Every structure is written in C-alpha cells, then in structure tokens.
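Got a structure for you, questions after.
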Amino acid sequence: MEYVLNGADIKALEASADANGVSYLRLMENAGAACAKAIRKRFDAAQNKRVSVFCGKGKNGGDGFVIARKLYENGYDVRVFLLLGDPTAENAIEMRARAAHMEIPISEYDVHSPLQKRFILTSDILVDALFGTGFSGDECEALSALRAVLEEAEGTVFSVDVPSGLLTDSGAVAAEPVKADVTLTVMALKPSLTLYPAKRYAGEIEVVRIGVPEELYAPYDTVCTLEDEDICAMFPKAEEDANKGDFGKLLILAGSYAMPGAAVLSSAAAVECGAGLVRLAFPDKAYAAVTARTPEKVLLPLESNREGRISFQNEKHILDALKSADACLLGCGMGVDYDTKAVVESVLRHAEIPVILDADGINAVASDIDIIKEAKAPVILTPHPGEAARLLGCTPQEVQANRMEACRAIHEKTGAVVVLKGAGTLLTADGVHFLLNLTGDEGLATAGSGDVLAGILAAFLVRGLTPIEASAVATYLHGKAGEAVSKAFSKSGNTPSKVLDVLPKLLASFE
C-alpha cells in the first residue's frame with residue numbers, strides 16, 4: 001500500500017523524522033538524490049542529457065538544487081534557473097551553495113534571454129522545482145513564465161512532489177498548473193495526485209522514499225492505496241481437495257424486463273470469479289434474455305409484476321433461498337417501485353448473511369436508510385456519485401467535491417461498508433480508515449460496468465473474504481480488467497462483456 005498524506009501530515013512526518021535522527025537537511029538531500037535517481041533510471045542510457053532545473057525559493061527549490069548536483073555528478077549537462085530569486089529557506093540556501101561550489105551554472109531566469117531559451121528548448125530533461133506542496137493558490141508571474149516555457153519545450157517535464165500550481169490537499173485547480181510528464185512525489189502520494197481534475201496534470205506518478213523509517217508512517221494511515229501485493233495477500237487460496245461448497249453459495253436478485261442485462265452481467269462476473277454456486281433470482285418476464293449467457297448459474301425465475309419487475313408476492317421464495325446462501329447480491333437492474341422496495345426491505349430485515357446493495361437496491365432504500373443500519377448482517381453499499389447523493393440528500397457535485405467526506409458520511413448514516421465508485425474508488429469499513437483504488441480508466445464509464453463489479457465483489461465475499469477485503473479485491477481487479485480491455489482494444493470500445501472475457505487470465509496472476 002502507498003500512503004496518501006496531506007500537507008499537514010507531511011510536515012508532521014518530517015518533524016517526526018527529524019526528532020528520530022533524520023535531520024531536515026538530510027531529508028532534503030535524500031529527496032533530491034531519490035528524484036535524481038528516478039530521472040537517471042529513465043535517461044542514463046540516452047545519448048543526450050541536457051537538463052534545465054527551475055528552482056523556487058523554498059524547500060522544493062532546495063530539492064531542485066540537489067537534483068542538479070546529483071545529475072551533474074553523473075555527467076549530465078545541467079543548468080539551474082531561479083524564478084523567484086535566491087532561496088530563503090535555510091536548507092535550500094545550503095543546497096544552493098553546494099551546487100554553486102561544484103560550478104553548476106545558476107542564473108536568474110530571464111524570459112527575454114535568447115541564450116537561456118535556446119538551452120531550455122533543447123533540454124532533454126526539464127525539472128519543475130518551483131513550488132511543490134508550497135503553492136498558495138494564486139497565479140503569479142513566476143508560475144506563468146515557467147508554464148509558458150515548458151509548454152514550448154519538447155523535453156520530458158519532471159515535477160518534484162506535485163506539479164507547481166496544484167494545491168496539495170485538493171483535486172480543485174485554482175491556477176493553471178504545470179503539466180508534468182512525470183511527477184516524483186516525495187515520501188507519499190498527495191491528495192491532489194489522486195483526485196480530478198488535478199490529477200490530469202501529474203502525468204506518470206512515482207513515489208520516492210527518502211529514508212524516513214517505515215514505523216513513523218503508522219499514525220498517518222488514514223488513506224492508503226491498493227497495490228498488487230495487497231491483493232495477492234488477500235486473494236483466497238483453494239485447497240487441492242476443495243469442492244464447490246468450499247467456494248460459497250451466492251444468491252443474486254437482479255434484472256427486470258427492461259434491464260435483463262444487469263442480471264446476466266452480475267451473475268456472469270460471479271461465475272468467472274470462482275463462486276461455487278450462483279443462484280440467480282429474476283422476474284420471469286426476463287427469462288429469454290437471462291438464459292442467453294452463463295449456463296453455469298442456477299435459475300430461480302420469480303413472478304413478475306405489471307412492470308416486468310420482481311413482485312413482492314415472491315417474498316417466501318426469496319427468504320427460503322436466502323437460507324441456503326452464504327451472501328446475497330441485490331439490486332442490479334431491478335428497477336424501483338413498490339414491489340422492489342418491499343423486496344429489498346424484506347431481505348435487509350431477514351438476511352443473516354452479508355448483503356451487497358447495488359444500483360436499484362440502493363435507490364430502493366435511499367428515502368429510508370435507517371433500515372440498513374438495522375440489518376442483522378453486514379451490508380456493503382456500492383453507490384456511484386448519483387446514488388451517494390440520494391443517500392446523503394445532496395447533489396452529485398457535492399459528493400465529488402469531497403469524496404472522502406461523502407464516503408464517511410454514508411458509513412456513519414448506515415453502518416455499512418461503503419464502496420464509493422468513480423475515478424479513484426474509495427472504500428471504508430469504519431469511516432476512519434480508507435482504501436483508495438487507482439486502477440481502471442474512463443473506458444469503464446459505461447452502462448453495465450457496475451453490474452460486473454458487483455458480481456466480482458459477491459464472488460469474493462462467498463469465497464470467504466471479509467466485506468472490506470472482498471470490496472478491495474473486487475474494485476482492484478475490475479479496474480485492472482478494464483485497463484487490459486482498453487489496451488487490447490480501445491477505451492471507446494471497452495464493454496462489460498469484454499471485461500468479463502479478460503477476467504480469467506487476470507485472476508491467474510493473483511492465484
């Protein structure tokens with residue numbers, strides 16, 4: 001996992017490191033050296049290694065002087081340009097002196113100098129060390145000048161910590177930032193590197209560690225990202241003598257005459273992800289469409305109401321089916337009316353197994369969410385921003401403006417595990433600690449994508465993972481599968497059916 005730390009957390013962590021023997025000066029030296037190493041990893045084999053480093057007057061500029069020195073020591077042709085005059089931060093002053101002692105050219109940036117412009121425009125590497133996390137939010141002449149010259153240059157732009165012009169703790173964009181090709185973020189990810197629209201300016205993101213002892217990060221684990229090794233650690237292991245009962249029994253209530261595909265996709269995803277037995281309950285008016293794919297599922301056709309949705313008259317059949325299941329997925333494509341609301345409420349009141357509420361399952365109880373908190377068994381909610389807004393009585397825009405607060409508020413109102421979907425899906429089981437999933441791309445923003453995710457989640461739940469583990473594994477794998485489809489075909493041609501097709505091969509890499 002990677003930590004996501006805000007500006008206050010970073011300052012506190014630096015102070016903790018200093019108190020534990022890693023001085024502020026050493027942290028700056030280590031930061032610059034680590035960034036230089038990341039640049040060298042990409043350019044040491046190149047023939048042309050001309051470097052322009054743009055330094056501000058604070059700690060980010062101090063990192064820039066160290067980068068310049070480390071690259072110069074390794075044979076790079078380096079020049080440093082000052083955009084705000086000489087540094088004023090104590091350690092940055094020291095790092096400037098060390099760079100000058102090595103006779104690295106350091107000069108005030110002059111937008112009218114043809115010699116400077118020629119060097120910059122022919123540079124292979126351009127290092128943005130102007131503001132980093134120290135940006136206040138206001139457009140200024142130095143930022144404007146840097147942005148203008150970098151837009152004209154053709155070299156690779158490396159931003160140190162965050163692209164200059166971004167606010168560290170927010171996805172909002174106050175002033176037009178530098179657009180980096182690579183952001184080398186120090187110690188940990190920053191919120192602006194995980195949130196849109198700010199993330200669009202970061203390019204490739206690499207976290208560089210700078211010698212802060214791992215145990216000092218422990219108090220700052222509020223938000224952590226998911227990585228391959230985390231999913232491998234949670235992935236369920238099968239015994240050689242296992243039978244289908246060991247892989248769980250899943251009940252899915254989904255679909256309607258108008259939306260049979262949701263039932264097909266969610267049940268197919270559960271089958272592809274190894275659920276031992278998938279029983280699909282659906283309205284009988286959708287029979288032809290539901291039986292078109294995934295022959296592995298067991299069918300439970302139910303009486304339809306006049307709208308082609310599951311009728312509440314099926315309550316006894318549904319409750320009987322619940323008794324023989326290990327988990328229940330409820331809501332995909334069900335529609336919302338009196339009958340489906342009554343079905344959802346009945347399941348929540350009677351189920352003694354974990355229940356996943358997705359899509360219309362969430363919409364059915366949005367006006368009376370206390371019923372979720374009163375449920376006997378664990379509940380997992382998987383809202384997209386619109387559904388989250390209905391649960392909270394606000395707008396989708398308000399949800400997106402502060403996704404963590406929205407995720408926390410839904411948990412507090414419901415007591416459920418929350419999977420707030422979107423770019424940077426957030427998960428929480430306690431409203432205090434959050435997991436952030438950064439896999440996936442815009443190709444997944446299509447109808448049916450959420451049904452596939454819900455089916456994957458349900459499969460790992462019946463296979464024995466805890467609700468938060470199943471949610472983490474599902475969101476990560478769903479995103480990875482989406483990326484694979486986009487790479488093999490296109491983002492525009494990314495469909496839920498194609499995601500289903502790549503899942504088996506993807507799962508093999510985690511087993």
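Hydrogens, waters and symmetry mates play no part in the numbers below; they use all other heavy atoms, side chains included. Bear in mind that the values here come from a model prediction, so they are computed numbers and not experimental data.
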For the atom pair CG (L189) and CG (L438), what is the distance rounded to the nearest 0.5 Å?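 Separation between the atoms: 7.0 Å.
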Tell me whether the NZ or CZ atom of R209 lies within the 45° cone about the ring axis of Y3 and under 6.0 Å from its centre.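 No, cation not above the ring by the 6.0 Å, 45° rule.
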- Message: A quick test of your reading: do over 12 heavy atoms of other residues, nucleotides or ligands sit less than 6.0 Å from OH of Y220?
- Response: yes
Item to complete: Check whether any side-chain heavy atom of F282 lies under 4.5 Å from a side-chain heavy atom of P301, and answer yes or no.
Response: yes
Aromatic plane relationship, F235 with F510 - under 30° parallel, 30 to 60° tilted, over 60° perpendicular:
parallel
From the list V379, T340, L253, side-chain contact (heavy atoms from CB on, under 4.5 Å) partner of L330 resolves to L253
Check step by step if side-chain contact (heavy atoms from CB on, under 4.5 Å) holds for V186 and I210.
CA-CA 7 Å; V186 178; I210 62 172; 3.6 Å; yes
Q.
Under a 3.5 Å distance rule, please check whether S256 uses its side chain to pair with a backbone N or O of R309 as donor and acceptor.
A.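 Pair absent, no side-chain N/O of S256 close to backbone of R309.
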Within the supplied structure, the quantity of interest is the number of heavy atoms (other residues, nucleotides, ligands) at a distance under 6.0 Å from K498 NZ; does it exceed 12? yes
Practice prompt. Might you work through the salt bridge (charged side-chain N to carboxylate O under 4.0 Å, His left out) test for E14 and K59, ending with a clear yes or no?
Written response: CA-CA 12 Å; E14 288 175 336; K59 292 192 294 183; 3.1 Å; yes
Is the NZ or CZ atom of K179 positioned over Y201's six-membered ring, under 6.0 angstrom from the centre and within 45° of the axis?
->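 The answer is yes, since K179 meets both limits relative to Y201.
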Test item: R42 and E206 side chains (from C-beta on) under 4.5 Å apart, heavy atoms:
yes
### Query
Do the charged groups of R408 and E405 touch, with an N to O distance under 4.0 Å?
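A salt bridge links R408 with E405.
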Quiz prompt | Stepwise salt bridge (charged side-chain N to carboxylate O under 4.0 Å, His left out) test for R403 and E398 | solution = CA-CA 8 Å; R403 287 173 56 81; E398 289 172 307; over 6 Å; no
Let's go through L299 and Y287 carefully: what are the C-alpha distance in whole Å and the side-chain angles of both, what is the deciding distance for side-chain contact (heavy atoms from CB on, under 4.5 Å) to 0.1 Å, and is it a yes or a no? CA-CA 9 Å; L299 302 181; Y287 192 92; 4.1 Å; yes
field: I380 side chain reached by L357 side chain, heavy atoms, under 4.5 Å
entry: no
Closest non-hydrogen atom pair, S471 against P467 |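 Distance-wise, the nearest heavy atoms are OG-O, 2.7 Å.
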Give a yes or no answer on whether the side chain of S304 reaches the backbone of D284 with a donor-acceptor pair at less than 3.5 Å.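 Here the side-chain-to-backbone pair exists.
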Using atom types as modelled and distance alone, determine if a side-chain donor or acceptor of N30 lies under 3.5 Å from a backbone N or O of G211.
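It does not hold such a pair.
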(request) Applying side-chain hydrogen bond (donor to acceptor under 3.5 Å, both in side chains), run through S159 and D128 and close with a yes or a no. (result) CA-CA 5 Å; S159 284; D128 158 32; 2.7 Å; yes
For residues 440-449, the side chain to side chain donor-acceptor pair (under 3.5 Å) pairs (sequence neighbours left out) are D441-S486, E442-K491, S449-H478
Measuring only between side-chain heavy atoms, which start at C-beta, is L226 closer than 4.5 Å to L435?
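A side-chain contact under 4.5 Å exists here.
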| request: For the residue pair K190 and T185, confirm or rule out a side-chain donor-acceptor distance under 3.5 Å. | output: yes
One thing to verify: whether E412 and K373 come together as a salt bridge, which I'm taking to mean a side-chain N less than 4.0 angstrom from a carboxylate O. no
Checklist entry - Is K480 salt-bridged to D228, going by a charged N under 4.0 Å from an acidic O? => result yes
Using the rule given for side-chain contact (heavy atoms from CB on, under 4.5 Å), can you reason through D221 versus C224, listing the C-alpha separation, both sets of side-chain angles and the distance that settles it, and then say yes or no? CA-CA 6 Å; D221 64 346; C224 295; 4.3 Å; yes
The complete set of salt bridge (charged side-chain N to carboxylate O under 4.0 Å, His left out) pairs with one or both residues in residues 353-369, sequence neighbours excluded, reads D358-K421
- prompt: Do side-chain atoms of N437 reach the backbone of T475 as a donor and acceptor pair under 3.5 angstrom?
  reply: yes
Open item on the list: With a 6.0 Å cut-off (strictly less than), is the heavy-atom count around CD of E176, excluding the residue itself, greater than 12?
Closed with: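 Result for CD/E176: enclosed.
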With distance as the sole criterion, is a donor-acceptor pair present between the side chains of N305 and D337 under 3.5 Å?
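A pair is found: one side chain offers a donor N or O, the other an acceptor, under 3.5 Å apart.
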Inset, instruction - Using a 4.5 Å cut-off on heavy atoms from C-beta on, say whether the side chain of L250 contacts that of L277. - result: no
Can E303 and S311 be counted as having a side-chain donor-acceptor contact under 3.5 angstrom?
-> no
Next on the checklist: Testing the 3.5 Å rule here: is there a donor-acceptor pair between the side chains of E227 and T225?
Outcome noted: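 There is such a pair between these side chains.
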Is the closest side-chain donor-acceptor distance between D320 and H317 under 3.5 Å?
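Short answer, no.
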